[in-house]
Amino acid sequence: MDILTDLEQRGLIQQTTDDKGLRKQLEEKVVTLYCGFDPTADSLHIGHLVPALMLRRFQRAGHRPIALIGGGTGMIGDPSGRSTERQLNDEKTVQYFSDQIKLQLANILDFEKEENGAVARNNAEWLGQMTLIEFLRDTGKHFSINYMLAKDSVQSRLENGISFTEFTYMILQSYDFLNLFEKENCTLQIGGSDQWGNITAGMELIRRTRNDETAKVFGLTVPLITKADGTKFGKTAGGAVWLDPAKTSPYEFYQFWINTDDRDVIKFLKYFTFLELDEIADLEKELVTAPEKRVPHIRLAEEMTLLVHGEDALAQAQKISQALFSGDIKVLNGTEIEQGFKDVPTVEIAKEDKSLIELLVEAKISPSKRQAREDIQNGAIYINGDRQQELNYQLVQDDRIDDTFTIIRRGKKKYFLIRFK
Ligand SMILES: N[C@@H](Cc1ccc(O)cc1)C(=O)O
């Protein structure tokens, strides 16, 4: 199956500027394409995954992807899809964010591949050097204010206001496309659906500066990811789901995908994984015949964790999930405990010998000594997964995992993390 048909069947194409022309070019030659990522934080989040994986899909189909880091545009701020002006970051911060993002993209694309290896570029290279006079004379001259005002990104901001800075953003992104077209023979730009205006502006700039037939360039956007329950994709109670394991642990990442709504899971398998469509169709059947097994959800979580965090992190995420499910917590080490119990109430306690009753009261697990005694006698208290009904129980060294953590459970599923210091 050709790449565009595969993308279509996965629901990954929102719009293209010229479907037939693009299909023809993709059939005829190795196409160089690009997608830009502005460094607005120290990590990419899962919302960036669809366009980033899209580059990889094109690479797998034999084309040549350029991952463009917006070290220059990130200093300006894209108004697309935003209702308010962005907060500007200083140069050092943008530089740091750029480096982090570049490392993450290196995990997703293949930069070593011989024939059509991925390429990383940073638009600070060319935007940072341009003088204002050059910019206004050579590039600005091709844009009419009327054309710029008609763009959605500007229209939607006319009421709340838009700075001249953000207003000019589309010209910078357009210049990128022109520059990559000239230097790298890049003829396709892809992006999220909010990038349509910027992508078509770049094509317009190429058309105006190069009025020859060979300048055949295209744009393609991917759809906005929606969820059946209407809430925003990629957000959890704890905020965004980041690709950086220090910001979102692989276990949390894994759990995020496991918790996908039944109504969304097949769509997400098509959007985010490289599984073939007929394999996804089989998983869809399993969803109907044995929904309680959550086979598609598990597969989605495995594929995504493997892709973003690698084999070892996936194995660890599975181990933590299994331990929490079975209640057998003693198989976990300190770092696994920290990942698995990040969201449970944590109490810091001095590392001295303590009776269980004292601990329950000090950690506010039981409201009083009397209640603590009752809880123990009723069999409601578990230390690292084992029920403890001995009223005079003294906590021992062995109850501390990695000499640091003890997990206390009260009742069926109320967990507390005790951190000894
Ligand atoms: N404007 C894009 C990022 C980008 C930057 C430079 C480009 O040339 C292309 C895309 C975004 O905000 O997502």
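Atoms within each ligand, like the ligands themselves, are counted from 1 in listed order. None of these values were measured; they are calculated from a predicted model. For the single chain, residues carry numbers from 1 onward in sequence order.
- Look at Lys270 and Glu284 and you find no salt bridge, because none of the NZ, NE, NH1 or NH2 atoms lies under 4.0 Å from a carboxylate O.
- Near ligand 1, Tyr34, Gly36, Asp38, Leu68, Thr73, Asp78, Asn123, Tyr169, Gln173, Asp176, Gln189, Gln195 each place a heavy atom less than 4.0 angstrom from the ligand.
- With ring centers used as reference points, Tyr271 lies 6.0 Å or more from Phe233.
- Applying the ring-ring contact (aromatic ring centres under 6.0 Å, His included) test to Tyr34 and every residue at least two apart in sequence or in another chain returns Phe177.
- In summary, Glu166 and Arg82 do not engage in a salt bridge, as defined by a charged side-chain N under 4.0 Å from a carboxylate O.
- With sequence neighbours excluded, the residues forming a ring-ring contact (aromatic ring centres under 6.0 Å, His included) with His48 are His45, listed by chain and number.
- Residues meeting the salt bridge (Lys or Arg N to Asp or Glu O under 4.0 Å) test with Asp328, sequence neighbours left out: none.
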